[in-house]
Amino acid sequence: MRNKEFEQYNMENNFVEKGAFYEFVKRGFDIFASLLFLIIFCWLYLIVAIAIKIEDGGPVIYVSKRVGKYGKEFNFYKFRSMCVDADKKLAELQKHNKNGVTFKMKDDPRVTKVGKFIRKFSIDEIPQIVNILKGDLSVVGPRSPLPHEVAQYNDYQKQRLAVRGGLTCYWQVMGRSKLPFSKMVELDLQYIRERGLIKDLSIILKTIPAIFKGDGAF
């Protein structure tokens with residue numbers, strides 16, 4: 001679907017925008033929280049960057065294309081947690097994929113030693129703060145998928161693209177990577193129907209202990 005087709009489809013399925021007040025406050029919070037996070041944890045960014053460089057000398061930031069609201073693609077930033085040629089090795093590992101559309105593999109051999117640690121505690125996600133500042137992402141929202149994943153979506157699954165993606169949502173606090181793709185979609189659509197300021201705050205508060213626990217992260 002093209003962007004206008006996504007918009008029309010989602011409106012027909014009652015996934016319309018919330019009120020202007022909600023969207024204004026949500027965007028304001030995104031900007032404030034991301035700037036605050038950047039300032040408070042600047043020391044952590046430096047440590048992670050040095051650790052990645054020391055391990056294999058490769059680039060610190062991994063950039064990939066992701067699909068956002070209404071199918072719009074954008075550059076998505078993460079701390080690199082895999083070997084530099086990880087994308088080239090994906091095809092030979094597909095037979096180990098147990099999650100359908102999204103590739104999830106426990107003990108993925110492409111993950112580096114530093115990568116295992118930063119993935120466990122979601123530290124690899126920190127550069128996405130830049131995506132939030134740019135407006136590509138929000139703090140709370142469905143995870144933004146890869147283009148080749150969206151190409152496999154049916155109309156029901158495409159409803160995940162009715163809103164701006166985010167760092168955390170229901171499935172991040174309910175099992176993370178242990179959940180099957182079908183359950184992830186179900187939880188994302190539940191969020192889209194229920195979203196609001198109180199709901200977003202609740203998800204953020206639940207995300208903090210989930211990150212420190214590190215359970216369900218591959």
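Since the model is a prediction, treat every value here as computed from it, not as a measurement.
A salt bridge is absent between E23 and K26; no separation between the charged side-chain nitrogens and carboxylate oxygens falls under 4.0 Å.
Every residue two or more places apart in sequence or in another chain that forms a salt bridge (Lys or Arg N to Asp or Glu O under 4.0 Å) with R143 is listed here: E125.
Taking 4.5 Å as the limit, every side-chain heavy atom of K134 sits out of range of all side-chain heavy atoms of F74. In this structure, W43 and Y45 have side chains that are not in contact, with every pair of non-hydrogen atoms separated by 4.5 Å or more. Contact check for L161 versus P145: side-chain heavy atoms found under the 4.5 Å cut-off. Residues V48 and I126 form no side-chain contact, since every pair of their non-hydrogen atoms from C-beta on lies 4.5 Å or further apart.
Between F121 and F117, the distance separating the two ring centers is shorter than 6.0 angstrom.
Judged purely by distance below 3.5 Å, without hydrogens or angles, the side chains of D136 and Y77 never pair a donor atom with an acceptor atom.
The salt bridge (charged side-chain N to carboxylate O under 4.0 Å, His left out) contacts involving residues 51-68 comprise D56-R80, where partners must be two or more places apart or lie in separate chains.
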Could you give me the CA-CA distance, side-chain angles and deciding distance for Y22 and D200, then say whether side chain to side chain contact (heavy atoms under 4.5 Å, CB included) is met? CA-CA 11 Å; Y22 167 70; D200 287 353; 2.8 Å; yes
Using the side chain to side chain contact (heavy atoms under 4.5 Å, CB included) rule, take Y191 and I203 through it: C-alpha gap first, then chi angles, then the decisive distance, then the call. CA-CA 10 Å; Y191 167 74; I203 292 173; 3.7 Å; yes
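Through direct or relayed side-chain contacts under 4.5 Å between Ile, Leu, Val, Met, Phe, Trp and Tyr, L205 connects to L201.
Taken to the nearest 0.5 Å, the SG atom of C83 stands 8.0 Å off from the CG atom of D108. For the atom pair NZ (K69) and OG (S144), the distance works out to 12.0 Å, reported to the nearest 0.5 Å. In this structure, NE2 in H148 is found 10.0 Å from OH in Y153, a value given to the nearest 0.5 Å. Atom CG of L167 sits about 8.5 Å away from atom CD of Q172, to the nearest 0.5 Å. Between the OG atom in S81 and the CD1 atom in I118 there is a gap of 5.5 Å [rounded to 0.5 Å].
Applying side chain to side chain contact (heavy atoms under 4.5 Å, CB included) to Y170 and the options E186, K206, K199, M184 leaves one that passes, K199.
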